[in-house]
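For reference, the structure discussed in these notes is given below.
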Amino acid sequence: MSLKEELLKRMSDGVVDMEEDEVAEAAQEFIDSSFPAFEGIMNGLIDGMNRTSVLFEEEEYFVTDVLLCSDAMYAGLNVLKPYLPEESGDNKKKAVIGVVEGDTHDIGKNLVKIMMETAGFQMIDLGRDVPLQKFVDTAKEEQADLVCLSTLMTTTMGGMKTVIELLKDAGIRDQVKVMVGGGPVSQSFAAKIGADGYSQNAVEAVRLAKDLLQTAS
């Protein structure tokens, strides 16, 4: 195992094991070794949080565990973030993100938000249990490039289709890309409701967002 791989593993494991000091130390060594901060965040910290979310879904971890893992991730993020290349505000793409109405599960949404912020997006977080019209109103007010919809419940998936219809009614569907994600959501569901894309996790969400906006420009 190379030094880079070893440090990435230490960061990922440290997040899963809720060890703030270990994560911060590994992150500092990563920077001291002149490795790219973005890679440390993606393949170390976010990898650890993705593993944590799986443990949560499998009911091996509880909400309190996830919060402690998040603290460990932020300890590493505080070290790595200052070394990310700066992007001017004018160049930043703007995304509205939230969990659709009727659902209060926001761990996955929070991961995507953190990852996309780290990748240079300006994120407008509406939180959880968001009224469907609020996605549309905010996208219009903020002139957003993206709307990111999340849910972990099958009973609220239909709200995603409703948001897309509301965007059409507001006359802005052509101006904004729609990404969907969450446990019960799939690529076929995304295609069925007319979303522009679907991502399984936070890392994929960033790649998808960049691809969608590059295609649109």
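None of these values were measured; they are calculated from a predicted model.
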Item to check | side chain to side chain contact (heavy atoms under 4.5 Å, CB included) between Phe135 and Leu166, worked out | outcome: CA-CA 9 Å; Phe135 285 103; Leu166 290 171; over 6 Å; no
Is it true that [X] and [Y] fall in one hydrophobic cluster, defined by side-chain heavy atoms closer than 4.5 Å?
X	Y	result
Met116	Leu77	yes
Val176	Ile97	no
Met157	Val147	yes
Met42	Leu7	yes
Ile41	Phe121	yes

For [X] and [Y], work out which heavy atoms get closest and say how close.
X	Y	answer
Leu152	Gly182	CD2-C, 4.3 Å
Asn78	Pro82	O-CD, 3.3 Å
Ala139	Ile172	CB-CD1, 4.3 Å
Gly14	Ala72	O-CB, 4.0 Å
Ala37	Ile31	CB-CD1, 4.0 Å

Donor-acceptor check, side chain of [X] to backbone of [Y], threshold 3.5 angstrom: yes or no?
X	Y	answer
Glu5	Ser2	yes
Asp129	Thr104	no
Thr52	Gly48	yes

Looking at side-chain heavy atoms only, is the closest gap between [X] and [Y] below 4.5 Å?
X	Y	value
Gln28	Asp32	yes
Lys109	Asp125	yes
Val178	Val163	no
Val15	Ile46	no
Val180	Ile193	yes
Met11	Leu8	yes
Met18	Asp65	yes
Met153	His105	yes

Item to check | ring-ring contact (aromatic ring centres under 6.0 Å, His included) pairs, two or more places apart, involving residues 4-49 | outcome: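 Matches after skipping sequence neighbours: Phe30-Phe35.
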Item to check | Inter- and intrachain pairs under ring-ring contact (aromatic ring centres under 6.0 Å, His included), touching residues 57-83, at least two apart | outcome: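 Sorted result for residues 57-83: empty, none.
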Checklist entry - Which is it for Ser53 and Leu111 under the side chain to side chain contact (heavy atoms under 4.5 Å, CB included) test, yes or no, and what are the steps along the way? => result CA-CA 9 Å; Ser53 63; Leu111 282 181; 4.2 Å; yes
Checklist entry - Just wondering, more than 12 heavy atoms not from Lys94 lying within 6.0 Å of its NZ? => result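 Enclosed: over 12 neighbouring heavy atoms sit under 6.0 Å from NZ of Lys94.
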Quick one: pull up [atom1] in [X] and [atom2] in [Y] and give me the separation to the nearest 0.5 Å.
X	Y	atom1	atom2	result
Leu68	Glu20	CG	CD	8.0 Å
Asp145	Gln122	CG	CD	9.5 Å
Asp106	Lys113	CG	NZ	10.0 Å
Ile164	Leu132	CD1	CG	11.5 Å
Met179	Leu208	CE	CG	4.5 Å
Leu45	Cys69	CG	SG	12.0 Å

Item to check | Pairs meeting criterion side chain to side chain donor-acceptor pair (under 3.5 Å) with involvement of residues 192-213, two or more places apart | outcome: Arg173-Asp196
Checklist entry - Where do Met73 and Ile114 land on the side chain to side chain contact (heavy atoms under 4.5 Å, CB included) test, with the steps shown first? => result CA-CA 10 Å; Met73 181 202 65; Ile114 292 164; 3.4 Å; yes
Checklist entry - Salt bridge check: are Lys134 and Glu101 linked by an N-O gap of less than 4.0 Å? => result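 Here Lys134 does not pair with Glu101 in a salt bridge, since their nearest N and O are not under 4.0 Å apart.
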Checklist entry - Salt bridge check: are Lys9 and Asp47 linked by an N-O gap of less than 4.0 Å? => result no
Next on the checklist: Between Lys4 and Asn43, is the side chain to side chain contact (heavy atoms under 4.5 Å, CB included) condition met? List the steps.
Outcome noted: CA-CA 10 Å; Lys4 182 194 278 188; Asn43 300 334; over 6 Å; no
